[in-house]
Amino acid sequence: MPGGRKWKKLDAVERAEVIDGHRLAYVAEAPVNWCPGLGTVVANEEVTTDGRSDRGNFPVFQRDMRQWMMRITAYADRLIDDLDLLEWPESIKTMQRNWIGRSVGSRVFFETPAGEIEVFTTRADTFFGATFVVLAPEHPMVAALTTGPQAPGVVEYKREAASRKDTERTDETQAKSGVFTGSYALNPFTGKEIPIWVADYVLMGYGTGAITGVPCGDQRDFEFARNYGLDIVPIQQPPDEWFGARRTRPTLDTERWPEAFVGDAPYVNSNGRSLQLDGIATVAEGIAATNEWLEASGRGEATVTYRLRDWLFSRQRYWGEPFPIVFDADGVAHAVPDDMLPIELPETDQFSPRTFDPDDADSDPESPLDRLTDWVTVRLDIGDGKQEYRRETNVMPQWAGSCWYQLRYCDPDNDEAFIDPEVERFWVGPQITAHPDHPGGVDLYVGGVEHGVLHLLYARFWHKVLYDLGYLSSKEPYYRLYNQGYILAAAYMDARGMYVDAASVQRDGDGFTYDGSPVEREFGKMGKSLKNAVSPEEMYERYGADTLRLHLMATGPLDASRPWETRDVIGMYRFLQRLWRNVVDEDTGTSSVTDDPATEATRTQLHRTIAAVRDGYEHLRVNVAIAKLVELNNHLTKLGATPREVAEPFVLMVAPVVPHIAEELWRILGHDDTLTHEPFPVADADFLVDDVIELPVQVNGKVRARITVAADADDETVTSAALADEKVMATIDGATPRKVIVVPGRMVNVVV
RNA sequence: GCCCCGGUAGCCCAAUUGGCAGAGGCAACGGCCUCAAAAUCCGUACGGUGUGGGUUCGAGUCCCACCCGGGGCACCA
């Protein structure tokens with residue numbers, strides 16, 4: 001409670017503040033990513049590693065602003081732990097684990113002239129070696145700790161750090177820079193005063209923005225200490241092998257250490273008044289002992305920090321879900337009651353947020369809704385009588401809808417609930433009969449890796465919130481995730497390093513030109529930024545949607561990225577035309593299939609195709625399934641007339657990849673109803689095995705002959721048939737076989 | 001720098017997981033048809049699997065080192 005007062009003594013505004021401090025959705029004055037080029041703020045996840053917006057590639061600036069946040073950090077542990085329950089690519093799980101960045105450590109308070117500084121460390125065992133404290137340049141206590149003589153240098157350093165781009169700041173190859181504040185902190189372990197520095201290798205966005213420098217046990221601190229002549233006190237006796245690998249004699253004189261020692265080793269110089277680590281030899285024990293001491297002495301405690309920050313949830317745009325929130329005269333937020341929902345976007349013809357010079361960090365957001373003053377001010381009775389309220393004019397980010405659409409799809413017409421619990425259980429409930437730990441979620445979700453820490457993290461958080469609120473039986477939105485590959489295309493860059501329109505590039509001998517000037521080719525994800533997109537509309541127009549879909553499925557494995565070649569599309573177009581002609585009389589447009597029985601050979605091929613296609617679809621090896629269908633189609637072409645007993649299963653098999661044409665063929669074959677509910681063809685096992693097979697015979701690993709044997713012939717029969725073969729006898733030339741290897745159904749190898 | 005993928009025919013890709021390197025498509029070439037051409041139909045050729053070593057009767061597949069391409073992360077205390 002503010003000022004330690006009782007709840008009853010707080011006024012309405014203060015009470016709201018207290019509650020909001022615990023809400024999952026809250027408004028906070030917080031450092032946000034302001035993107036003047038887009039005219040809106042964006043979430044951490046939407047900022048690329050070089051500090052630009054993932055959409056539009058504009059510069060992004062850190063500044064404080066009052067914005068809506070979602071307390072996703074409250075779910076950090078579950079978001080990490082439940083990854084183990086999911087059938088997702090390991091790479092995406094790793095991305096999420098890294099993004100959440102859970103690290104188990106300790107927080108410790110250091111006394112300083114300006115009050116206590118809180119530091120975070122994963123190596124609580126090393127405090128006896130802490131010889132300085134480092135604050136991030138943005139740390140709020142920097143000014144208070146800076147003494148007069150040091151002030152100009154500190155101010156200058158902060159200014160420089162602020163102007164350096166993040167990419168420069170985090171460039172590990174540069175020497176670590178920093179500046180002394182003039183103040184000292186008390187190391188509670190050694191009782192010694194240690195200098196407080198400011199350095200930009202410490203990041204405000206992680207932990208507490210303050211660290212203890214332990215140069216003997218941390219490479220960054222080691223480099224920093226060397227740079228500025230700070231003490232390096234050894235607190236572990238590194239093993240001789242460690243020195244050996246670094247061509248140094250074992251010593252506790254850190255002047256002679258080539259780098260910091262990180263690992264298990266006996267502690268030295270680590271005995272204090274009430275905490276003794278000397279004698280312990282492992283980091284785990286050292287940390288455990290220290291944490292115990294911290295908690296007993298009130299100097300700190302074991303804790304966990306995360307790289308993950310709360311989710312910045314408001315955007316200054318028009319197109320987005322409005323917040324069901326109004327503010328009263330005191331500025332307190334109130335939820336709009338259910339019977340007044342939904343809040344709909346007001347009519348306007350001015351949809352764009354105000355955008356600014358992309359580099360103008362000092363501009364302020366102006367949402368399109370802010371301009372609609374008639375809509376912003378409302379008189380409502382939300383429980384306290386009719387009053388005037390001001391509507392929230394921020395809207396939700398584009399991710400809000402994608403967090404739960406798959407749930408709504410299950411029950412789209414329900415106007416009582418966003419999804420009926422029974423419907424939810426049926427479609428996405430946990431399948432505990434299959435797996436006791438099954439978390440539920442859609443069976444298969446095909447999507448791009450680019451959503452690894454955006455949509456896929458937000459949706460999981462959102463889903464867990466709804467689960468906690470009791471609306472869902474599933475704990476996770478997507479059980480199995482499959483990442484499709486990217487369609488790549490040639491992109492061309494001119495001498496200035498700018499991309500040029502790929503469609504207008506000419507081939508010129510070995511190279512390429514654009515507008516007469518040479519350009520360089522590379523391959524990249526198809527899209528606007530590389531100016532190498534091919535419009536799907538153009539493909540629909542030329543070949544139809546079925547052909548395009550089929551082509552994309554046929555050119556390679558679903559998860560493989562591959563270059564786009566427009567001229568290749570014709571192949572699947574021809575396949576579909578040929579399929580059509582195998583079923584339909586081109587003159588009359590009616591069915592041309594025959595009711596005569598298929599030959600043995602045709603039936604065999606049909607059933608083998610069914611088996612292969614089933615297997616291909618099941619394992620998402622669609623390209624292989626399609627190849628088998630093409631093969632069968634080529635066989636049918638040679639027949640002249642297609643038997644109905646082949647045509648019908650064929651149409652059912654192509655339906656998943658060419659739904660429109662398949663449906664049409666199904667009607668032409670005489671069915672009145674859609675094929676959607678027809679069972680998928682099942683292969684007759686009798687056709688899948690041969691009676692007689694041909695086996696290659698190798699002599700010393702080289703194929704020398706072929707023999708024909710019964711499919712179920714035993715090894716002895718096969719061996720004698722192989723050895724009796726003329727070519728084999730000629731090859732071994734009377735020598736005695738040392739060994740004959742028979743791989744049933746595959747081959748024979750005679751070793752001499 | 002670290003961590004994932006992936007290198008098979010001119011190109012996109014298969015290869016029953018250690019057993020005959022080739023299913024499918026594009027492109028190329030030849031033929032049928034045509035006055036001619038396109039489309040269709042029929043047919044043909046092409047490489048030994050990025051490089052070097054190893055294991056094995058046998059390696060595209062397994063192991064080691066390296067090269068090339070794509071993606072992710074990168075002072076996280």
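Side chains are part of it too, since the values below use all heavy atoms of this structure and drop only hydrogens, waters and symmetry mates. Residue numbers start from 1 in every chain, and the chains themselves are labelled A, B, ... in the order their sequence lines are given, proteins ahead of strands.
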Categorize [X] for me: base, sugar-phosphate, or nothing, with a 4.0 angstrom heavy-atom threshold over every strand shown.
| X | answer |
| --- | --- |
| A/R220 | base |
| A/D218 | nothing |
| A/V630 | sugar-phosphate |
| A/R608 | nothing |
| A/M95 | sugar-phosphate |

Should [N] form a Watson-Crick or G-U wobble pair with both distances under 3.5 Å, which nucleotide is its partner?
| N | answer |
| --- | --- |
| B/A36 | none |
| B/G6 | B/C68 |
| B/G1 | B/C73 |

Counting only side-chain heavy atoms from C-beta out, which of [options] sits nearest to [X]?
| X | options | value |
| --- | --- | --- |
| A/D568 | B/C26, B/G19, B/A15 | B/C26 |
| A/L203 | B/A77, B/G19, B/C41 | B/A77 |
| A/T121 | B/A77, B/C42, B/C26 | B/A77 |
| A/V743 | B/C12, B/C75, B/G19 | B/G19 |

Between [N] ([atom2]) and [X] ([atom1]): distance, integer Å:
| X | N | atom1 | atom2 | value |
| --- | --- | --- | --- | --- |
| A/Y573 | B/G25 | OH | C1' | 17 Å |
| A/N483 | B/G71 | CG | P | 15 Å |
| A/N582 | B/U40 | CG | C1' | 12 Å |
| A/Q484 | B/G70 | CD | C1' | 15 Å |

B/U51 glycosidic conformation (syn if within 90° of 0, otherwise anti) is anti
Syn/anti state for B/G47 [syn: chi within 90° of 0]: anti
Tell me, do A/W564 and A/T555 make a side-chain contact under 4.5 Å, heavy atoms counted? no
Between A/Y543 and A/Y573, what is the ring plane arrangement, given parallel below 30°, perpendicular above 60°, and tilted in between? perpendicular
Quote, to the nearest angstrom, the C1' distance that separates B/U56 from B/G70. 33 Å
